[in-house]
Amino acid sequence: MAMMDLLSAEEIKAAVGAFSAAESFCHKKFFEIVGLKKKSPEDVKKVFHILDKDRSGFIEEDELKFVLQGFTPTGRVLSDKETKTLLAAGDKDGDGKIGIDEFITLVVES
Ligand SMILES: [Ca+2]
């Protein structure tokens with residue numbers, strides 16, 4: 001399963017492009033522009049598994065940093081500050097990583 005099978009190329013391009021400036025990343029707007037918010041929980045789970053590159057069952061900080069590249073190879077790398085903000089927004093149980101249920105909540109609540 002590839003990201004392009006789940007989301008439209010136009011929306012991915014628009015979403016990644018919207019946050020190309022340093023320190024500009026906003027996950028709420030990103031999930032909306034990229035079209036993830038309107039997807040079913042099943043599709044959001046598929047996106048989670050794509051972003052979980054090492055298949056650990058969690059999106060860890062080092063995977064979050066490259067989250068935009070999970071959507072498109074040209075996506076920029078998030079700064080440490082952006083990564084920590086995103087992790088804090090999603091990590092409800094405080095274990096330092098984002099589980100699948102936390103990811104769905106993060107997308108839906110955003
Ligand atoms: Ca992982």
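Whatever order the structure lists them in is the order used to number ligands and atoms, beginning at 1.
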Asks: Within less than 3.0 Å of the Ca ion (ligand 1), any N, O or S from I59?
Replies: no
Asks: Hey, which N, O or S atom on E60 ends up closest to the Ca ion (ligand 1)?
Replies: OE1
Asks: Could R55 and D52 be called an ion pair, given the rule that one side-chain N must be under 4.0 Å from one carboxylate O?
Replies: no
Asks: What N/O/S atom of E63 is the closest to the Ca ion (ligand 1)?
Replies: OE1
Asks: By atom name, which N, O or S atom of D52 is the nearest to the Ca ion (ligand 1)?
Replies: OD1
Asks: Will you find, in the side chains of E61 and T83, an N or O donor that is under 3.5 Å from an N or O acceptor?
Replies: no
Asks: So, are K38 and E11 salt-bridged, with charged N and O less than 4.0 Å apart?
Replies: yes
Asks: Quick test of your reading of the model: are K37 and E109 salt-bridged, counting only N-O distances below 4.0 Å?
Replies: no
Asks: By atom name, which N, O or S atom of D54 is the nearest to the Ca ion (ligand 1)?
Replies: OD1
Asks: Assess the residue pair K65 and D80 against the criterion (salt bridge (Lys or Arg N to Asp or Glu O under 4.0 Å)); give the C-alpha distance rounded to whole Å, side-chain angles, the decisive distance to 0.1 Å, and a yes or no.
Replies: CA-CA 7 Å; K65 196 170 172 62; D80 289 347; 2.8 Å; yes
